[in-house]
Protein chains: 2
Amino acid sequence: MNLCGALDHIRLAQLLALGGQRQWDKRQILFREGDPMGSFFKITQGVVAVSRTLDDGRRQIVALRAPGDCLGYLHIGGNYAFQGEALTDVEACAFDRRKFDAFVQLHPDLASALAEALSVALTQTGRNMLVMGKLWAIERVASFLCEISELYGARRVSVTPLTLYFKRGEIADYLGLTIETVSRAFSQLKKRNVIALIESDTVAILDGERLSEIGKFKSGVKRTEP
Amino acid sequence: MNLCGALDHIRLAQLLALGGQRQWDKRQILFREGDPMGSFFKITQGVVAVSRTLDDGRRQIVALRAPGDCLGYLHIGGNYAFQGEALTDVEACAFDRRKFDAFVQLHPDLASALAEALSVALTQTGRNMLVMGKLWAIERVASFLCEISELYGARRVSVTPLTLYFKRGEIADYLGLTIETVSRAFSQLKKRNVIALIESDTVAILDGERLSEIGKFKSGVKRTEP
DNA sequence: CGCGGCATTGACATTGATCAAAAGCTGTGG
DNA sequence: CCACAGCTTTTGATCAATGTCAATGCCGCG
C-alpha cells in the first residue's frame, strides 16, 4: 500500500521525523509474524515479500512491496499478522505505530489516504486470489511476470531486461506452486518464445502481448528489447 | 469489512439517512464487476459472496460478507472491482459513494474506522491466500467450515446445526477447487466422523477440535450438538 | 408423475508434486 | 587461478491429488 499521494512535503517531513531510516540486507527479516508490533515501514529502496507460514513450514507469500509502499501495518491482537522479508537490500523508514496513529488523529485526511491505500491493496489481493484459485501453473507464472513488470515499471526498477529479485522458491511460494513447476513453466515460456532468460533471475519479455494473454493480465505489458 | 464500531447512534442515523434500505432475493446480483460504481452496501440481513470472473467463465469468490459488513466499496477507475451476489435473501443499506465520502470528510474518525475495517479485511484475505496456496483440498474444506462457523457465530446466524447457504459450486469457487472435489472432501470428513450432513447445505460439526486441526484454523470452533 | 437442478460416486485423464540426478554458478581457500 | 563445496536451477521419471466426464440418485416443484 502506498500513501504518498496525500502527503505534502511539510507533513511528510513531520511524519518522517516520527521514524528513522533503516537498512536491511537481502534475505533479512524486517518483522516476524506473531512478534509484538513496534513499527511499520515505508520502503524507499528495494523489494520486500510479505508472507505467512504454517507450523509445518508451508509458506505463502501474500504480497510484494516496492518503493513507496508501506508494510508491517497489519496486526492480530497487537502482533504482526505477517512476516516481511527483504528480497533485495532494502531501505525503509520505520514509524512507531502509536506515534503514527496519534499523528493520523491530528491529520484526518491522512486517514482517508490510508483507507485509499488499503483499498488498493485489497483490490490487488482480490486479483491474486483469482490467480491462485483458477489459473494453471503456466498462467500463474505469466501473470506473475506481468505483475512484476508493471510493479517495477511503475515504481522505478529498470525493466529492460527485467530483473525479478525472486528465486524460484519465492515465486513458488507466491503462486502456490513448487520450485520445479515454476521452473518448468519458465522453460515452457522460453520454448514458446514468449520470454528469454538472461540469467536465472533476469528475463527478457519477447512477446508481452502473448504473455499477458496467457496470464489473463489486463493492462498492457511492454516488450523488452533483448 | 465492518465499520459499526465507530458509529454512535446519532451519526449512524445520519449516515443511514444517506442511503436507503434495499432487498435482494437469493442469487440476485447486488452489483456487477466493471459496472460504474454507484453505491456501496452495508448488510443488515443475509450473506453475500464477492467475486471476480475471467472472460472464459472461471470464477473466484474472494470474500464472504455477513450482517454488519460493508461491500461494493472497491473500485478500479470508478467501476466496481468485484461482483456481489446474494447467497441468501439479503437486506442491506445502500450508500451513495459520493455522499458517503463527503460525510467521511466531516467526520474524520470515520475514516479511521474505515481504515481499520479495511485492515481487518486485508488480514483475512492474507489467510485465504495461505489456504488456497498451500492447503490440500480436504484441509481447505475444513478451513472453510471453521471460517463459516466462526463468521456466522460472531454475527448472528444460528450455528447448531450450521447452515452454510453455499452450494457445492460456490464452495468450490471460494476454495479454488471443483464441485466434485469439494463433495469428496465432505464425504471424507463424514467418514472420519468429523462432521455429519443434516442436509446438503447443513452440517453438524461433530469434532471441532479435529476440524480446526485439519483446517489449520487457529481460533476455537465449538462442537455442534446434533 | 416427470422434469430440472444439485450432490454423490466411479472411472479415467491430467496436472502438478515428489524424488532423484545432473548441470550451472558462486564464493572460499589453497 | 584453480579446485572444491554448497546452493540453485533444470530436467527426467514416477506418483498422487485433483480435474474431467459420465452415470445415478435425490429432492422439490410444476
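Naming: A, B, ... by sequence-line order, numbering from 1 per chain. What you are looking at is a predicted structure, and each value in this text was computed from that prediction instead of being measured.
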Rounded distance (Å) that lies between atom P of C/dA7 and atom CD1 of B/Ile195: 14 Å
Electrostatic pair B/Asp173-A/Lys134, nearest N-O below 4.0 angstrom: yes
Protein-nucleotide distance (A/Asp201, atom CG; D/dC7, atom P), rounded to Å: 18 Å
No-hydrogen, no-angle side-chain donor-acceptor test under 3.5 Å, B/Gln60 and B/Ser51: no
Protein-nucleotide distance (A/Leu164, atom CG; D/dT8, atom P), rounded to Å: 16 Å
Mutual orientation of the aromatic rings belonging to B/Tyr174 and B/Phe166 [parallel < 30°, tilted 30-60°, perpendicular > 60°]: tilted
Matching residue for B/Glu85 among B/Lys26, B/Lys167, B/Arg59 - test: salt bridge (charged side-chain N to carboxylate O under 4.0 Å, His left out): B/Arg59
Side-chain touch A/Ile29/A/Gln83, heavy atoms, less than 4.5 angstrom: yes
Length of the line joining A/Ile198:CD1 and D/dT9:C1', which is rounded to integer Å: 16 Å
B/S/- contact track for nucleotides 16-23 of chain C, protein heavy atom under 4.0 Å: SSBB----
Annotated protein contacts, base or backbone, on nucleotides 25-30 of chain D with a non-hydrogen cut-off under 4.0 Å, one of B, S, - each: ------
Integer-rounded Å distance: C/dA7 C1' and B/Phe166 CZ: 17 Å
Sugar-phosphate only, base, or nothing, as touched by A/Leu197 at under 4.0 Å among non-hydrogen atoms: sugar-phosphate
Plane angle bin for A/Tyr165 and A/Tyr152 - parallel if under 30°, tilted between 30 and 60°, otherwise perpendicular: tilted
Ion pair check, A/Arg22 and A/Glu91, cut-off under 4.0 Å: no
Member of A/Leu197, A/Val203, A/Thr202 meeting the side-chain contact (heavy atoms from CB on, under 4.5 Å) criterion with A/Glu199: A/Thr202
For atom NZ of A/Lys167 and atom C1' of C/dC25, their distance in whole Å: 13 Å
Length of the line joining B/Arg58:CZ and D/dT20:C1', which is rounded to integer Å: 15 Å
Parallel, tilted or perpendicular, as decided by the 30° and 60° cut-offs, for the rings of A/Phe41 and A/Phe31: parallel
Between C/dT14 (P) and A/Gln188 (CD): distance, integer Å: 16 Å
